[in-house]
Amino acid sequence: MTKTMATSSIKTIPIIAIPNFAICHKLELLKEEGERRDLKRQEGGDEEGLSYEFREMLDSLPKERGWRTRYLYLFQGFWCQSKEIQAIISFQKHFQPLQNDVVIATIPKSGTTWLKALTFTLLNRYRFDPVSSTNTDHPLLTSNPHDLVPFFEYKLYANGGVPDLSGLASPRTFATHIPFGSLKGSIEKPGVKVVYLCRNPFDTFISSWHYINSIKSESVSPVSLDEGFDLYCRGVIGFGPFWEHMLGYWRESLKRPEKVLFLRYEDLKEDIESNLKRLASFLGVPFTDEEERKGVVKAISDLCSFKNLKKLEVNKSSKSIKNFENRHLFRKGEVSDWVNYLSPSQAERLLALVDDKLGGTGLTFRYS
């Protein structure tokens with residue numbers, strides 16, 4: 001917009017109108033809002049609903065290229081997405097543990113769905129008999145394990161909410177990917193037990209790479225195997241570095257074995273029944289001799305098997321974690337699938353990294 005001033009003896013001179021402060025500020029806000037809308041589209045809506053103060057906090061954190069969203073942020077020493085940070089803060093502020101609580105902990109793609117199914121069925125076997133051939137109303141047949149054992153960060157405290165947990169039956173059973181260092185302050189009450197499932201880092205990477213590329217927003221470019229592998233080896237993976245995540249729970253299991261049970265995915269695949277007995281004893285509900293004679297241990301193993309869970313209708317199309325289809329949770333579930341993807345040089349790099357970060361800790365893996 002311009003204004004002109006003129007007289008008969010003075011040449012017309014354009015005078016530029018200067019917007020006042022309020023207009024300038026409004027234009028700047030509109031520009032910022034436009035940038036935020038672009039960011040939401042790029043991140044599949046992951047930035048939606050975050051307060052100005054929270055966004056300012058995010059801006060202060062180190063960040064790297066994300067796998068499913070535009071960025072991962074370094075928060076409390078581990079990498080995670082913005083919405084996860086929001087939920088974790090709410091969890092840490094509001095969660096009140098009870099003495100008999102059970103918390104299932106994993107790094108993503110380490111057998112979380114399987115462990116949830118096993119733990120739920122084990123703890124509820126007197127209410128829902130896994131042996132009865134006429135028992136077609138077992139919750140596991142119509143509900144995904146993630147609905148039966150909710151995540152702190154993806155379900156209960158998602159979007160910074162504060163849930164009412166007063167109606168949950170005892171023992172309350174929860175799940176999380178939060179590293180132990182950021183979890184322990186919220187579950188320090190005596191009697192709270194943590195079950196941690198660990199998978200060899202090679203298969204964990206391949207499973208993560210497949211899963212994240214299958215659920216990412218179309219507006220976010222796929223992560224190539226090489227790029228993902230480099231990020232993984234630098235520790236930039238959800239709730240990573242993976243070695244810090246594993247070591248946090250491993251060391252606590254050595255220090256307080258009555259508090260933290262450390263399980264290995266490969267051990268469960270090799271001998272599920274022995275590890276189920278170990279899990280039952282840790283949780284204070286050991287199998288009786290009569291139960292073993294009736295075949296309860298095997299029945300739970302069969303009911304919760306990868307093959308059985310994958311074929312259930314609820315796990316083919318329904319959604320349990322955010323808006324991601326359950327079918328993506330069941331790909332192969334195998335040990336040593338990594339050999340089909342990693343080059344010899346990549347395998348050497350990851351093995352050297354594992355030796356460097358975990359060597360001398362007593363934490364070892366089987367890769368085949």
Side-chain angles (χ1 to χ4, degrees), residues 97-106 110-152 154-156 163-176 191-197 261 263 265 267-269 271-321 325-327 329-330 333:
L98 299 180
Q99 185 170 355
N100 294 322
D101 284 350
V102 175
V103 179
I104 292 170
T106 58
S110 295
T112 312
T113 309
W114 188 20
L115 182 58
K116 284 187 175 187
L118 291 169
T119 305
F120 176 86
T121 306
L122 184 67
L123 290 173
N124 292 278
R125 66 186 190 270
Y126 301 119
R127 296 173 57 205
F128 306 105
D129 184 4
V131 176
S132 175
S133 59
T134 61
N135 185 14
T136 58
D137 62 345
H138 194 286
L140 206 58
L141 300 178
T142 55
S143 299
N144 182 271
H146 294 293
D147 292 318
L148 301 173
V149 182
F151 274 111
F152 286 132
Y154 296 125
K155 287 269 190 177
L156 300 176
D164 179 5
L165 306 179
S166 60
L168 297 182
S170 180
R172 304 186 307 177
T173 310
F174 308 106
T176 189
V192 176
K193 294 187 175 182
V194 178
V195 182
Y196 185 76
L197 182 59
L261 175 65
L263 299 172
Y265 183 90
D267 293 343
L268 265 67
K269 292 286 289 186
D271 187 357
I272 181 60
E273 293 190 25
S274 292
N275 281 282
L276 259 178
K277 294 178 185 178
R278 185 182 171 202
L279 176 60
S281 296
F282 173 77
L283 295 175
V285 287
F287 292 105
T288 64
D289 292 340
E290 181 181 358
E291 283 183 309
E292 293 199 39
R293 286 194 298 269
K294 285 176 58 180
V296 174
V297 183
K298 186 177 187 306
I300 293 177
S301 171
D302 291 344
L303 177 63
C304 301
S305 68
F306 183 90
K307 180 180 179 180
N308 185 61
L309 293 177
K310 186 174 182 177
K311 72 180 183 182
L312 297 175
E313 189 60 36
V314 68
N315 296 325
K316 292 180 179 180
S317 59
S318 298
K319 299 175 181 179
S320 298
I321 303 177
E325 293 186 16
N326 291 340
R327 63 187 177 89
L329 297 168
F330 302 90

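Throughout, numbering of the chain's residues begins at 1 and tracks the sequence. It should be emphasised that the depicted structure is a prediction, and the values quoted were computed from it without experimental measurement.
- In this structure, S301 contributes its side chain and V297 its backbone to no donor-acceptor pair below 3.5 Å.
- Put simply, the side chain of D267 never gets that close to the backbone of L263: no donor and acceptor are under 3.5 Å apart.
- Closest of all the heavy-atom pairs between P130 and A299 is O-CB, 3.5 Å.
- When atom types are taken as modelled, the side chain of K193 and the backbone of F282 share a donor-acceptor pair closer than 3.5 angstrom.
- Heavy-atom minimum distance, L148 versus P139: CD2-CB, 3.9 Å.
- Residues N308 and D302 form no side-chain contact, since every pair of their non-hydrogen atoms from C-beta on lies 4.5 Å or further apart.
- Within the 3.5 Å criterion, the main-chain N or O of L98 finds a donor-acceptor partner in the side chain of D101.
- Here the NZ-CG distance, from K116 to D147, works out to 8.5 Å after rounding to the nearest 0.5 Å.
- Atoms OG1 and OH, on T106 and Y196 in that order, are 7.0 Å from each other to the nearest 0.5 Å.
- In this structure the side chain of I272 reaches within 4.5 angstrom of the side chain of L118, judged on heavy atoms.
- Ring geometry for F128 versus F120: interplanar angle under 30°, hence parallel rather than tilted (30 to 60°).
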* **Verdict with supporting geometry, L261 and L283, side chain to side chain contact (heavy atoms under 4.5 Å, CB included)** => CA-CA 9 Å; L261 175 65; L283 295 175; over 6 Å; no
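- To the nearest 0.5 Å, atom OG1 of residue T142 and atom CG of residue D137 are 8.0 Å apart.
- Inter-residue side-chain proximity for V149 and V102 is flagged as unmet; no heavy-atom pair is nearer than 4.5 Å.
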* To do: Apply side chain to side chain contact (heavy atoms under 4.5 Å, CB included) to H146 and T112, showing your working.
  => CA-CA 9 Å; H146 294 293; T112 312; 4.2 Å; yes
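- Here CG of L168 is found 9.0 Å from OG1 of T173. Values are rounded to the nearest 0.5 Å.
- The nearest pair of heavy atoms linking N100 to P171 is O-CB, 3.1 Å.
- A 4.5 Å side-chain heavy-atom check between L309 and L140 finds at least one atom pair inside the cut-off.
- Between Y265 and W114, the two ring planes are perpendicular [angle over 60°; tilted spans 30° to 60°].
- When all heavy atoms of K155 and P150 are compared, the closest pair comes out as CB-CB, 4.0 Å.
- The CD1 atom of I300 sits 9.0 Å away from atom CG of D129, with the distance rounded to the nearest 0.5 Å.
- In this structure, the separation between CD on E273 and CD on E292 is 9.0 Å, given to the nearest 0.5 Å.
- Taking every heavy atom of both residues into account, F152 and V103 meet most closely at CE1-CG1, 4.1 Å.
- Closest approach of A117 to C304, counting heavy atoms only: O-SG, 3.4 Å.
- Inter-residue side-chain proximity for T288 and V296 is flagged as unmet; no heavy-atom pair is nearer than 4.5 Å.
- Counting heavy atoms from C-beta on, the side chains of H138 and N124 never come closer than 4.5 Å.
- Taking the ring centre of F287 as origin, the terminal cationic atom of K294 falls outside the region bounded by 6.0 Å and 45° from the ring axis.
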